[in-house]
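We number each residue from 1, following the sequence as shown.
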Amino acid sequence: MFSARDKNGQIRHLLVDTQVPKGEYFCPVCNGLVRLKKGEIMQPHFAHVSLSNCYYHFENESKEHLNLKAALFRWAKKNEKVEVEAVIPELDQVADILVADRIALEVQCSPLSKTRLWQRTKQYQQAGYQVLWLLGEKLWLKKTLTPLQKHFLYFSQNMGFHLWELDEKSSLLRLKYLIHEDLHGQAQYIEKEFAFEEGKLLDIFRLPFQKQPLASFSAKTDTNIRHYIRQQLYYQNPKWMKQQATCYQKGENLLSKSADDFYPQVRPVRADEPFCQIYQDLSAYYENFLRYYQNSQNKKSQIVYSPAFYTRNLHENMIK
């Protein structure tokens with residue numbers, strides 16, 4: 001942590017104060033004793049002597065977390081009002097970075113429970129704050145979306161499902177967007193990278209909602225998808241066994257279907273429970289998406305578009 005109270009009750013910020021003398025310092029949240037640490041490897045910071053009584057800080061921060069918070073603070077303060085480790089008493093929360101009084105940037109470098117994520121997110125939203133979760137290396141999206149990663153997803157008509165990542169080593173903010181899943185459970189998406197301190201930080205975060213050309217990409221599909229599904233049923237994969245059971249109820253069988261029956265192979269993300277960061281109703285998007293590809297004459301390839309494309313396409317067909 002970069003903020004602590006001195007013995008006079010004054011908050012001292014290591015990213016703001018150029019000179020912070022040695023002495024006794026206390027956590028702004030739990031008032032527990034913290035130590036000022038200065039070294040060559042990690043940024044100067046405060047660390048709890050004991051975390052047992054702190055209801056916000058559950059562990060002393062990693063080098064990655066400290067460095068990323070410092071980088072975001074320096075970036076945001078070039079153009080915006082910004083506060084590092086802003087204590088929000090009415091929420092019993094501490095925002096890693098609070099920008100323009102109402103936008104909380106939360107740097108998440110390690111897994112946390114879905115219950116804790118829901119609790120913190122909803123407290124922010126109900127109090128009128130916007131929260132953006134920015135993921136450290138352990139939580140980066142790789143081949144597949146984990147159940148926890150799905151709760152970090154945001155959604156816009158221009159960029160679909162998207163999430164934000166922070167790369168400490170390369171000093172990059174990364175946006176992964178138009179995130180879809182194929183029938184193998186693999187994630188497919190586009191990404192943009194932004195170098196730290198280049199451009200206005202809030203403008204970058206607003207990018208998914210700004211007017212822009214609609215994005216698209218050529219999806220990777222499996223020409224032998226029927227063989228893959230046959231294997232999954234042989235090994236009793238729960239996901240495919242459930243789909244097979246649904247087919248049986250309709251008097252059908254997955255194994256008798258053609259490759260075209262599994263088109264489109266790449267589809268919007270779905271979850272078994274509501275998305276944590278997304279509150280809008282996505283049912284129309286899912287319906288428009290499937291309708292577009294069901295009407296497609298070419299089922300040998302697939303191009304994936306922004307959600308706004310499918311809505312526009314439906315309206316154009318209705319006019320015709």
On a heavy-atom basis, the closest approach of Leu173 and Phe196 is N-CE2, 3.5 Å
Any side-chain heavy atom of Leu214 sitting closer than 4.5 Å to one from Asn158? yes
Run the salt-bridge test on Lys150 and Glu273 with the 4.0 Å N-O cut-off and return the result as yes or no. no
Could you check whether Tyr293 and Tyr310, counting side-chain N and O atoms only, form a donor-acceptor pair closer than 3.5 Å? yes
Would you call the rings of Trp164 and Phe194 parallel, tilted or perpendicular, taking 30° and 60° as the class edges? tilted
Quick one: are Phe205 and Leu105 in side-chain contact, heavy atoms under 4.5 Å? yes
Measure the acute angle between the ring planes of Phe209 and His162, then classify it against the limits of 30° and 60° as parallel, tilted or perpendicular. perpendicular
For the student: nearest non-hydrogen atoms of Ala215 and Ile190, plus distance: CB-CD1, 4.3 Å
Indicate the atoms forming the closest heavy-atom contact of Leu183 with Tyr228, along with that distance. O-CE2, 3.5 Å
Does NZ or CZ of Arg174 come closer than 6.0 Å to the centre of the six-membered ring of Trp140, within 45° of the ring's axis? yes
Could you tell me which non-hydrogen atom of Val107 sits nearest to which non-hydrogen atom of Asp96, and how far apart they are? N-OD2, 2.8 Å
Answer whether the closest heavy-atom distance between the side chains of Ser113 and Leu148 falls below 4.5 Å. no
Could you tell me if the side chain of Leu163 sits less than 4.5 Å from the side chain of Tyr189, heavy atoms only? no
Measure the acute angle between the ring planes of Phe161 and Tyr285, then classify it against the limits of 30° and 60° as parallel, tilted or perpendicular. tilted
Pick from Lys176, Lys138, Lys192: which one makes a salt bridge (charged side-chain N to carboxylate O under 4.0 Å, His left out) with Glu165? Lys176
Does a side chain donor of either Tyr279 or Gln125 reach within less than 3.5 Å of an acceptor in the other side chain? no
Could you tell me if the side chain of Phe262 sits less than 4.5 Å from the side chain of Asp222, heavy atoms only? no
With no hydrogens and no angle check, do the side chains of Ser283 and Asp281 hold a donor and an acceptor under 3.5 Å apart? yes
On a heavy-atom basis, which atom in Lys169 and which in Glu137 lie closest, and how many Å separate them? NZ-OE1, 3.8 Å
Side chain proximity check, Leu117 to Gln108, heavy atoms < 4.5 angstrom: no
Test item: side-chain donor near acceptor, Gln294 and Arg291, under 3.5 Å: no
Closest contact, heavy atoms only, Lys239 versus Gly185: NZ-N, 4.5 Å
Any side-chain heavy-atom pair from Lys220 and Gln186 closer than 4.5 angstrom? no
